[in-house]
Enquirer: 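Can you read through this structure? Questions will come right after.
Residue numbers count from 1 along this sequence.
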Amino acid sequence: MMNTKKTSTTHPLRTIMLRFDTTLTAPDFETLALEYYHEIHDRTWETRQRIKQARTPLPSFGFQLEEVEELFQQGQGKFRHLEMMDPDNPEKNTVHVQLKAVLTNIKNILEDFVPELVDAASDYYAYEDYIVAYEQWMNEVAFPQFDKIFANYQACSLDMVSFDRDLDDFKGALHFVKQQEGRYFEAMNELIERYSDLNEEIGNLFEQAEAFDSNLLV
């Protein structure tokens with residue numbers, strides 16, 4: 001006669017709720033599968049926290065890039081204006097001072113946030129390596145071990161219906177984390193692309209300004 005015991009394990013990712021037949025002794029493959037089951041929760045929670053931490057500064061980087069993009073437009077306009085001005089134009093010195101101030105602002109803002117953006121990009125590339133290793137473990141080690149439970153359910157103390165339901169709930173939590181990861185990838189790729197394009201344009205502007213008048217960058 002089957003004697004069923006319900007278990008509830010609190011985990012920050014989600015509560016694990018399973019049923020067991022206490023009249024059966026768990027085979028080694030079941031014990032290992034349950035170890036992996038708790039580990040997959042730990043790893044998914046770690047992934048979720050890592051993504052959350054990595055995404056937190058991204059809006060700020062976006063705002064700072066917007067500010068630099070606006071200053072770049074101003075600087076480009078001032079430089080084109082200065083290039084075309086007659087040497088005797090009384091406004092030339094004013095435009096010169098304004099352009100120099102804009103270029104200085106661009107330089108200061110970039111020096112302030114680019115090291116942080118570089119660190120964020122390094123974390124991003126490290127995350128990509130991390131998630132590849134995790135997914136390889138999940139798909140090649142953890143899930144095949146879970147499959148052994150279903151293939152040999154009659155020998156297991158773990159109730160299949162409860163495990164199937166709980167595993168499905170876990171996959172829902174995992175799907176949510178993967179959605180967050182997708183937003184992280186999208187935002188980080190956009191930032192890197194925007195910064196790369198802007199940095200190239202700013203470099204060109206600074207080169208042109210220095211060739212026109214080296215005092216503009218002093």
Side-chain angles (χ1 to χ4, degrees), residues 11-14 40-83 95-138 171-218:
H11 192 280
L13 181 70
R14 52 174 298 278
I40 207 172
H41 279 74
D42 292 342
R43 289 192 181 207
T44 303
W45 175 250
E46 178 191 342
T47 301
R48 180 173 169 172
Q49 295 305 102
R50 190 164 175 163
I51 292 169
K52 183 179 179 181
Q53 183 178 1
R55 287 179 68 192
T56 299
L58 301 192
S60 175
F61 291 143
F63 292 139
Q64 287 170 303
L65 274 176
E66 282 177 17
E67 189 176 356
V68 177
E69 285 165 349
E70 171 62 23
L71 285 170
F72 169 72
Q73 295 299 328
Q74 290 179 25
Q76 204 172 36
K78 293 287 181 188
F79 180 63
R80 298 291 170 252
H81 191 190
L82 189 63
E83 273 187 315
V95 176
H96 188 282
V97 170
Q98 289 174 334
L99 175 58
K100 187 171 181 176
V102 169
L103 296 178
T104 300
N105 278 343
I106 290 174
K107 186 169 177 285
N108 289 341
I109 294 172
L110 288 177
E111 286 178 351
D112 184 48
F113 91 93
V114 166
E116 294 178 17
L117 182 59
V118 170
D119 287 344
S122 297
D123 290 343
Y124 173 57
Y125 297 129
Y127 176 83
E128 288 185 319
D129 293 338
Y130 156 84
I131 202 62
V132 165
Y134 168 45
E135 289 184 345
Q136 185 176 2
W137 173 83
M138 184 166 55
K171 288 177 180 177
L174 178 63
H175 177 67
F176 174 73
V177 173
K178 297 307 288 183
Q179 284 181 318
Q180 291 180 312
E181 180 188 83
R183 295 186 186 104
Y184 171 42
F185 283 0
E186 189 178 341
M188 200 67 223
N189 286 333
E190 183 190 349
L191 278 174
I192 292 169
E193 188 175 340
R194 276 176 67 193
Y195 171 71
S196 297
D197 292 344
L198 181 59
N199 190 52
E200 185 177 349
E201 292 178 323
I202 287 172
N204 291 336
L205 176 60
F206 273 58
E207 282 180 15
Q208 291 170 353
E210 186 172 30
F212 180 80
D213 183 350
S214 60
N215 289 325
L216 284 166
L217 301 181
V218 175

Enquirer: Using 30° and 60° as the class boundaries, would you call the ring planes of Trp137 and Tyr134 parallel, tilted or perpendicular?
Expert: parallel
Enquirer: Looking at residues at least two apart in the chain, or sitting in another chain, which of them share a side chain to side chain contact (heavy atoms under 4.5 Å, CB included) with Glu207?
Expert: none
Enquirer: Mind checking what makes side chain to side chain donor-acceptor pair (under 3.5 Å) contact with Glu46, not counting sequence neighbours?
Expert: none
Enquirer: Taking atom CG of Leu117 and atom CE of Met188, what is their separation to the nearest 0.5 Å?
Expert: 5.5 Å
Enquirer: Among all residues two or more places apart in sequence or in another chain, which pass the side chain to side chain donor-acceptor pair (under 3.5 Å) test with Asp197?
Expert: none
Enquirer: Find the distance between CG (Leu174) and CD (Glu135) and round it off to the nearest 0.5 Å.
Expert: 8.0 Å
Enquirer: Scan residues 50-71 for pairs that pass ring pair (Phe, Tyr, Trp, His ring centres under 6.0 Å), counting only residues two or more places apart or in two chains.
Expert: none
Enquirer: Taking atom types as modelled, is there a side-chain donor on Gln208 or Arg80 under 3.5 Å from an acceptor on the other?
Expert: yes
Enquirer: State which residues pass salt bridge (charged side-chain N to carboxylate O under 4.0 Å, His left out) with Glu186; sequence neighbours excluded, sorted by chain then number.
Expert: none
Enquirer: Could you grab the distance from atom CD1 of Ile131 to atom CZ of Arg43, nearest 0.5 Å is fine?
Expert: 10.0 Å
Enquirer: For the backbone of Gln98 and the side chain of Lys78, can you confirm whether one donor and one acceptor N or O come within less than 3.5 Å of each other?
Expert: no
Enquirer: How many angstroms lie between CG in Leu205 and CG in Leu103, if you round to the nearest 0.5 Å?
Expert: 5.5 Å
Enquirer: Residues in salt bridge (charged side-chain N to carboxylate O under 4.0 Å, His left out) with Arg50, at least two apart?
Expert: none
Enquirer: Output the distance between atom NZ (Lys178) and atom OG1 (Thr47), rounded to the nearest 0.5 Å.
Expert: 7.5 Å
Enquirer: Between Gln74 and Glu70, is any side-chain donor less than 3.5 angstrom from a side-chain acceptor?
Expert: yes
Enquirer: For Tyr124 and Tyr127, I'd like to know if the aromatic rings sit close, meaning centre-to-centre distance below 6.0 Å.
Expert: no
Enquirer: I'd like to check the side chain to side chain contact (heavy atoms under 4.5 Å, CB included) partners of Asp42; sequence neighbours left out, ordered by chain and number.
Expert: His11
Enquirer: State which residues pass side chain to side chain donor-acceptor pair (under 3.5 Å) with Gln64; sequence neighbours excluded, sorted by chain then number.
Expert: none
Enquirer: Ignoring hydrogens and angles, tell me if any N or O in the side chain of Asp112 forms a donor-acceptor pair with the backbone of Asn108 under 3.5 Å.
Expert: no
Enquirer: Any salt bridge linking Glu69 with Arg194? Criterion: basic side-chain nitrogen under 4.0 Å from a carboxylate oxygen.
Expert: yes
Enquirer: Could you check whether atom CD of Glu193 has more than 12 heavy atoms from other residues, nucleotides or ligands sitting under 6.0 Å from it?
Expert: no
Enquirer: To the nearest 0.5 angstrom, please state how far the CZ atom of Phe72 sits from the CG atom of Asn199.
Expert: 10.5 Å
Enquirer: Under a 4.5 Å cut-off applied to non-hydrogen side-chain atoms, are Leu217 and Thr104 in contact?
Expert: no
Enquirer: Which atom names give the shortest non-hydrogen contact between Ile192 and Ala121, and what distance separates them?
Expert: CD1-CB, 4.4 Å
Enquirer: For the residue pair Phe185 and Ile51, establish whether any side-chain heavy-atom pair is separated by less than 4.5 Å.
Expert: no
Enquirer: Under the side chain to side chain contact (heavy atoms under 4.5 Å, CB included) test, which residues partner Arg183, sequence neighbours left out?
Expert: Arg55, Gln179, Gln180
Enquirer: Restricting to salt bridge (charged side-chain N to carboxylate O under 4.0 Å, His left out), what partner residues turn up for Glu111, sequence neighbours left out?
Expert: Lys107
Enquirer: Of the non-hydrogen atoms in Tyr184 and Ala120, which two are nearest, and what is the gap between them?
Expert: OH-O, 4.4 Å
Enquirer: Who passes salt bridge (charged side-chain N to carboxylate O under 4.0 Å, His left out) against Glu210, sequence neighbours left out?
Expert: none
Enquirer: Output every pair passing ring pair (Phe, Tyr, Trp, His ring centres under 6.0 Å) with a member in residues 189-218, not counting sequence neighbours, ordered by first then second residue.
Expert: Phe79-Phe212
Enquirer: Step by step, would you call Lys100 with Val97 a side chain to side chain contact (heavy atoms under 4.5 Å, CB included)?
Expert: CA-CA 5 Å; Lys100 187 171 181 176; Val97 170; 5.8 Å; no
Enquirer: For a quick test of reading the model, state the closest non-hydrogen atom pair linking Leu58 to Ala187 and the distance between them.
Expert: CD1-CB, 3.9 Å
